[in-house]
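What follows is a single structure, written as structure tokens, with notes after it.
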Amino acid sequence: MSPNLSVWLVVFLLQYSAIALASDPDPIQDFCIPNPKFGSIKVAHLAILPCKNSSEATTDDFVFSGMKLAGNFSDTGLATISVNPVVFPGINTLGMSFVRADLKVGGINPPHFHPRATEIAYVVEGSVYSGFVDSTNRVFARILGQGEVMVYPRGLMHFQMNVGKKPATIFGSFNSQNPGLQKIPIAIFGSGINDELLEKAFGLSPKQIEIMRRRFEPKKLR
């Protein structure tokens, strides 16, 4: 094998390894029901939950009944119920999580992204304007009706808005048990970024920046 080919092979393997490590690890057993007797071990973006003995698992560990009703609505007309291994032990180590999202008439799910997961959204009922923006700033969006599905690639900003005349319900599924969530408006105006930078980036006046900060700053700081 030539030296140049060897170098490119090493580069390829390193890139492949980085990609493989970027997703949830494959399970090494049928399931891992977290043992409440032990605390979780915190690592980067993930809490490792020790398993209880498989013989102690019950059917109830694999059933979740907390999505029958909508959650509490925000001022944008959005209510979400996020489901992860903390509230649903049966999905621990299986590389998945999901969410129920309800939108009032005219309600929105503001632009946001999930750094560690691709999402598939299924419209249970209603009419929803749904889409995402790719890295070339091209928008892929349309109105989805009941029974339609849309995928949002990992790490890309996406959004939803109820454009119908009745409430809408969406079921979202992620290929990570800890997909992460970053809401664009809060990340920009509620994170403490320098005011001058925001003024130059968005062409806003100091007064307008202050208005946006008051709207999106974390409640605990108000």
Side-chain angles (χ1 to χ4, degrees), residues 16-74 78-103 109-110 112-126 128 130 132 146-156 158 160 167-183 186-187 218-220:
Y16 179 82
S17 298
I19 293 172
L21 292 173
S23 61
D24 287 2
D26 289 333
I28 57 175
Q29 53 197 9
D30 290 346
F31 51 80
C32 171
I33 305 302
N35 193 330
K37 296 179 182 179
F38 302 98
S40 62
I41 302 171
K42 297 289 185 179
V43 296
H45 305 300
L46 186 64
I48 300 176
L49 307 171
C51 311
K52 65 182 181 182
N53 193 300
S54 60
S55 64
E56 299 176 16
T58 68
T59 300
D60 288 343
D61 289 323
F62 303 97
V63 177
F64 183 75
S65 303
M67 298 179 67
K68 296 179 180 179
L69 301 174
N72 297 320
F73 284 91
S74 68
L78 171 69
T80 60
I81 299 176
S82 297
V83 183
N84 54 49
V86 174
V87 296
F88 187 10
I91 63 174
N92 186 44
T93 73
L94 300 185
M96 64 179 300
S97 55
F98 47 94
V99 63
R100 169 177 172 158
D102 291 88
L103 292 163
N109 190 357
H112 64 280
F113 67 93
H114 308 286
R116 295 180 292 277
T118 291
E119 177 182 2
I120 288 183
Y122 170 78
V123 179
V124 179
E125 60 180 352
V128 179
S130 172
F132 67 90
Q146 181 177 347
E148 292 191 291
V149 174
M150 188 168 194
V151 63
Y152 311 120
R154 188 175 90 178
L156 295 187
H158 52 280
Q160 297 155 337
T169 301
I170 302 165
F171 178 87
S173 180
F174 307 95
N175 65 341
S176 171
Q177 70 177 45
N178 187 26
L181 169 64
Q182 190 155 36
K183 298 179 180 180
I186 295 176
K219 291 183 179 179
K220 66 180 180 180

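What you see is a predicted model, and the numbers here were worked out from it, not measured in a lab.
To the nearest 0.5 angstrom, Y122 atom OH is 10.0 Å from E148 atom CD. In this structure, the separation between CG on L181 and CD on E119 is 9.5 Å, given to the nearest 0.5 Å. To the nearest 0.5 Å, atom CG of residue N72 and atom OG of residue S74 are 10.0 Å apart. Remark: F171 CZ to I81 CD1 distance equals 11.5 Å, nearest 0.5 Å. T80 OG1 to F73 CZ: the interatomic distance, rounded to the nearest 0.5 Å, is 10.0 Å. The CG atom of D102 sits 9.0 Å away from atom CE of M67, with the distance rounded to the nearest 0.5 Å.
Listed by chain and residue number, D24 satisfy the side-chain hydrogen bond (donor to acceptor under 3.5 Å, both in side chains) test with S176 (two or more places apart in sequence, or in another chain). Applying the side-chain hydrogen bond (donor to acceptor under 3.5 Å, both in side chains) rule to S82 yields no partners; only residues at least two apart in sequence or on another chain are considered.
Contact between I33 and A57 at its shortest, heavy atoms only, is CG1-CB, 4.1 Å. Closest of all the heavy-atom pairs between Q146 and V124 is CG-O, 3.1 Å. In plain terms, the two heavy atoms of L78 and P110 that are nearest each other are CD2-CD, 4.4 Å. Between P179 and A117 the shortest heavy-atom distance is CB-CB, 3.4 Å. Shortest non-hydrogen contact noted between V128 and L103 is CG1-CD1, 4.4 Å. Heavy atoms only, all atoms of each residue included: V83 and F88 are closest at CG1-CB, 3.6 Å.
In the model, Y152 has a side-chain atom that pairs as donor or acceptor with a side-chain atom of S130 under 3.5 Å.
For the pair N84 (side chain) and S97 (backbone), a donor-acceptor distance under 3.5 Å is absent. At distances below 3.5 Å, at least one donor-acceptor pair connects side-chain atoms of H114 with backbone N or O atoms of G180. For the pair D61 (side chain) and T58 (backbone), a donor-acceptor distance under 3.5 Å is present.
Looking at H112 and H158, their side chains come closer than 4.5 Å, going by heavy atoms from C-beta outward. At a threshold of 4.5 Å between non-hydrogen side-chain atoms, the residues R100 and T169 count as touching.
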**Q.** side chain to side chain donor-acceptor pair (under 3.5 Å) evaluation trace for N53 with S55
**A.** CA-CA 5 Å; N53 193 300; S55 64; 2.7 Å; yes
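Ring-plane geometry between F31 and F62 is classed as perpendicular, the angle between the planes exceeding 60 degrees on a 0 to 90 degree scale with a lower cut at 30.
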